There are 2 protein chains.
Amino acid sequence: MDLDLRIKMNDRLFLRNPEDSVLGKKIVKHGLLLINKIGFEDFTFKKLAQEVNTTEASIYRYFENKHRLLVYIITWYWRFLEYKVLIGLNNVTDPKIKLQTIIKLIAEEPKPTQQQNDFLTETEAYQLVIWEGSKTYLTRNIGKDNKDRLFKPYKDLCESFAALIKEYNPKYKYPHSLASSIIEIAHSQNFFKQNLPSLTDFPKQQDDKKLIDFLLTLLFSTIAIN
Amino acid sequence: MDLDLRIKMNDRLFLRNPEDSVLGKKIVKHGLLLINKIGFEDFTFKKLAQEVNTTEASIYRYFENKHRLLVYIITWYWRFLEYKVLIGLNNVTDPKIKLQTIIKLIAEEPKPTQQQNDFLTETEAYQLVIWEGSKTYLTRNIGKDNKDRLFKPYKDLCESFAALIKEYNPKYKYPHSLASSIIEIAHSQNFFKQNLPSLTDFPKQQDDKKLIDFLLTLLFSTIAIN
DNA sequence: CATAAATGATAGCTTTACTATCTTTGTAAA
DNA sequence: TTTACAAAGATAGTAAAGCTATCATTTATG
């Protein structure tokens, strides 16, 4: 699936739009790679500056702090995923197949592709979401960040998902909670599978088949129409 | 439910056992309160030292760093919860009621009680789990920390939960994943309800009744025996 | 070609996250 | 009742993180 898309980013996320310059794109791209490599806690703008052959001060011209950079990348991913869902559901009419499709898109580890070398790559972004995604909102800044609409992409995705659930079974009482829960579970189970495998029933060295089966069963049994 | 219990803590968590001294207990108690107040990111041992009227250096004699203190409190909570489960399931034989009971114990916001004034309180610990719980393991130290068995209390709780699921339906394929998922969801939904309510279907100013209903339906529909 | 904007280079400041050392205090065995 | 020894206090110091400021130098743009 090739998507040549321009994702509109919330301009509260940056001081200078990173998409507008070579340096900006390098900051975001290598930011993603470096956070994945050393973890968000150990990640600093100084280290990133070295990777990108620039200075700390230059990075601060693009992003207020490392948290904003993190949110930038994570929300980019949510928007990207929503595009994928949009494309993936194109021409699909059966509500059941729609739900199966969205679950796969959410939970399946994306395959590495060649393109988009100069900006964010889906596979790396997916890893970032698994490891650092919840750190975007588990912060005392959540009130302010929410007012700045930083979480809109995530909310939109949940809303789309919830709409499909409602379409399948209009009487189900908790479509939003179910949607956000399944998204969260997909990532936490993926994390546990890699790092705390006894919390799952998935063999470490295996694809996401079982995880998807688990999620599909969970979803369809709870929204089943009796 | 009164529990006068002594929770055995993993001694890799501390340098000096905080339960053995007045200062140690104050550090842990006010550590919990202060993290809840200002958030883990802004929390420092220096600030805690001021709260407790001691010095930074003294706190470092008990805990290697703030992450260990966090894990200490969080794992204390998991152990505490497992005791509650143990007591709560005492004399219960019906597997269905067992599962209902454990869900309630996991998801229900504990009521404030008077006791345990000098150490950790359940209500505060519950808030900490919601806000900071996942930060215990979403770290590059997870491999080492896991070897030190820091996550054993959490694993044990999940294992107990999974065992009840297996008892109810021995044929269900994903008892561990389901157990850990429900625990995680309980907290993330609780967080969303407070902070990003559009991700849930629960009114902000209300008890956990709907959340528990959501979880119960989720659990029992997916493990239903056809 | 002029000029504005972006970047580089450098400096500096406050806070965090520790470690070290030395002194005082409180407690428990000799 | 001394003695001794561990816990805590007091103080200092260090490297890194997390910024902000300034000025010089490139690089785009009209």
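Just so we're on the same page: letters track the sequence lines, and every chain starts at 1. Please read these numbers as outputs of a predicted model, since none were measured by experiment.
- Between the side chains of B:S160 and B:E82, a donor-acceptor pair is found at a separation under 3.5 Å.
- Note: NZ (A:K46) to C1' (C:dC13) measures 13 Å, nearest angstrom.
- Note: CG (A:N65) to P (C:dT15) measures 17 Å, nearest angstrom.
- What separates CG of A:L48 from P of D:dA17 is a distance of 13 Å, to the nearest Å.
- A side-chain N or O of A:Q127 and one of A:E109 form a donor-acceptor pair less than 3.5 Å apart.
- Here the shortest heavy-atom pairing between B:L150 and B:T75 reads O-CG2, 3.2 Å.
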Protein-nucleotides 24-27 of chain D N/O pairs closer than 3.5 Å?
none

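- What separates NZ of A:K66 from C1' of D:dA16 is a distance of 12 Å, to the nearest Å.
- Ionic pairing of B:K26 and B:E51 is not present here: no N-O contact between side-chain nitrogen and carboxylate oxygen is shorter than 4.0 angstrom.
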> A:I35 and A:E132: side chain to side chain contact (heavy atoms under 4.5 Å, CB included), yes or no, with the steps?
Replying inline: CA-CA 9 Å; A:I35 297 174; A:E132 323 286 358; 4.1 Å; yes
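- When only modelled atom types and interatomic distance are considered, B:N146 and B:Y137 share no side-chain donor-acceptor pair under 3.5 Å.
- By the neighbour-count criterion of 12 heavy atoms within 6.0 Å, atom CZ of B:R140 is densely surrounded, having more than that number from other residues, nucleotides or ligands.
- B:Y60 places its OH atom 19 Å from the P atom of D:dA12, with the value rounded to the nearest Å.
- One atom, CD1 of A:I38, and another, C1' of D:dA17, lie 12 Å apart when rounded to the nearest Å.
- Between the NE2 atom of B:H67 and the P atom of C:dT16 there is a distance of 19 Å, rounded to whole Å.
- Nucleic acid contact for B:E64: sugar-phosphate only, since backbone atoms but no base atoms lie under 4.0 Å from a heavy atom of the residue.
- Atom-to-atom, CD of B:E56 to P of D:dT14 comes out at 16 Å; the value is rounded to the nearest Å.
- Between A:D208 and A:K193, the closest side-chain pair of non-hydrogen atoms falls below 4.5 Å.
- Each of B:Y77, B:F63, B:W78 was scored for a ring pair (Phe, Tyr, Trp, His ring centres under 6.0 Å) with B:Y72, with one residue passing: B:F63.
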Check nucleotides 5-7 of chain C for protein N or O atoms closer than 3.5 Å to its own N or O atoms and list the pairs.
residue	atom	partner	partner atom	Å
C:dA6	OP2	A:R16	NH1	3.4
C:dT7	OP1	A:Y62	OH	3.0
C:dT7	OP2	A:R16	NE	3.3
C:dT7	OP2	A:Y62	OH	2.7

